[in-house]
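Heavy-atom basis, side chains included; hydrogens, waters and symmetry copies ignored. First listed ligand is number 1; within each ligand, the first listed atom is number 1.
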Amino acid sequence: MFAASQVKQDPRDRGGLAQPLLIVEGLKKYFPVRGGVLNRQVATVQAVDDVSFSVRKGEVLGIVGESGCGKSTTARLLMQLITPDSGGLVFDGDPVGGPRGISISELRRQMQMVFQDSFSSLNPRMPIVDSIAYAPRMHGLSAAAARERAETLLAQVGLNPRQYSRRYPHELSGGQRQRVNIARALALEPRLVILDEAVSALDKSVEAQVLNLLRELKARLNLTYLFISHDLNVVEYISDRVLVMYLGRVVETGPVEAIYSRPRHPYTRALLASKPTLDPDRRTRHLPLTGDPPNPINPPSGCRFRTRCSFAQAICSEVIPSLLAPVDLGADAPTDHLVACHLPEAQAAFGEHDVA
Ligand code: SF4
């Protein structure tokens with residue numbers, strides 16, 4: 001589990017370990033929906049709305065939520081693959097993109113991403129060693145040095161370079177391809193790796209192997225992860241802190257033990273109640289979520305969860321709840337556990353709907 005004292009200082013570290021590696025401030029992205037003969041904008045998809053959080057050096061921050069909650073859009077905004085409507089990033093103390101901050105190209109060097117689809121992330125006509133060596137070549141390494149680096153990375157992700165380096169993506173299994181994608185993401189020695197559903201398409205046994213590889217690489221290379229997944233068990237296994245998103249907004253965040261043992265937002269509780277378990281003695285008295293989230297084109301006013309929340313009252317439709325410390329957590333409660341819910345009774349209902 002995450003302990004700041006165990007994090008090694010990176011030579012590139014500019015602000016000390018107390019300074020977050022990444023600060024996300026008020027990120028917002030609305031997509032226009034066009035229609036009609038003139039292709040005019042007829043509606044707006046509110047994909048990400050006022051999302052703020054930070055990622056500490058050396059930790060794994062998990063982002064969970066149902067499909068369409070804005071997790072992957074958030075990842076693409078962080079990588080600057082799409083431009084936010086508003087909000088900004090600060091990377092190790094430097095604002096991203098400003099005249100005196102870190103450039104987007106330097107950000108992309110220090111922050112890399114692994115996608116869910118292991119096949120489409122690789123060039124099908126390129127041997128995998130060349131795919132991994134491509135970015136180091138573009139950053140000035142000689143062909144021989146880039147190839148040597150690629151082969152070292154292949155070995156680090158558990159693929160024997162002599163056996164695999166000349167293979168093409170279609171000659172590998174899904175798990176092997178994802179190992180290649182991880183090697184490719186590490187080629188420029190990033191500090192932060194965003195893993196967007198990176199193990200979701202793998203068989204369970206291969207998934208476990210890749211998760212263990214990610215843990216091992218994190219410790220060996222002093223990495224920080226942003227781990228995005230819809231799989232609550234996987235997020236619990238690998239994360240130090242968790243961010244729960246619903247319909248484009250953050251509804252709860254905190255240390256993984258606090259979120260999984262004492263969830264305070266009704267959505268988090270319902271989400272955890274639907275978590276699959278192999279333990280026949282494990283029962284939940286809380287109802288799992290039913291139905292689909294509302295349409296992000298016209299999300300509910302106030303708290304976006306109110307149309308599915310059994311505690312909703314008038315204030316919930318009128319005022320957007322802010323992320324604040326939950327009620328009655330006690331003196332020894334973690335200070336970084338925050339919940340976006342107006343009503344103390346909704347937050348405190350955990351005792352009645354215990355997840356055994
Ligand atoms: Fe949202 Fe209100 Fe339910 Fe809290 S009680 S989750 S604010 S609808």
Does a side chain donor of either Arg179 or Tyr164 reach within less than 3.5 Å of an acceptor in the other side chain?
-> no
Heavy-atom contacts with His342 under 4.0 Å: which atoms of ligand 1 show up? List them by number with element.
-> 4 (Fe), 7 (S)
Ligand-side contact atoms (ligand 1) for residue partner Leu343, heavy atom cut-off under 4.0 Å = 5 (S)
In terms of ring plane angle, is the pair Tyr267 and His265 parallel, tilted or perpendicular, where the classes change at 30° and 60°?
-> perpendicular
So does Cys303 have any N/O/S atom less than 2.8 Å away from atom 1 (Fe) of ligand 1?
-> yes
Asp130/Arg137 salt bridge by N-O under 4.0 Å criterion = no
Looking at atom 3 (Fe) of ligand 1, is one of the N, O or S atoms of Cys309 less than 2.8 Å from it?
-> yes
Just by distance, with hydrogens left out, do Gln176 and Arg167 show a side-chain donor and acceptor under 3.5 Å apart?
-> no
Can you tell me how far CD of Gln347 sits from CZ of Arg269, rounded to the nearest 0.5 angstrom?
-> 8.5 Å
Identify, by atom number and element, the atoms of ligand 1 in contact range of Ala346, meaning under 4.0 Å from any of its heavy atoms.
-> 5 (S)
Is there a donor-acceptor contact under 3.5 Å linking the side chains of Asn181 and Ser118?
-> no
Per-atom contacts, ligand 1 versus His265 - under 4.0 Å to a heavy atom = 6 (S)
Is there an N/O/S atom in Cys316 at a distance below 2.8 Å from atom 2 (Fe) of ligand 1?
-> yes
Which residue and non-hydrogen atom of the protein lie closest to atom 4 (Fe) of ligand 1, and at what distance in Å?
-> Cys341 SG, 2.3 Å
Going by the atom numbers of ligand 1, which of them fall below 4.0 Å from some non-hydrogen atom of Pro266?
-> 6 (S)
Are side-chain N/O atoms of Tyr237 and Asn212 paired as donor and acceptor at under 3.5 Å?
-> yes
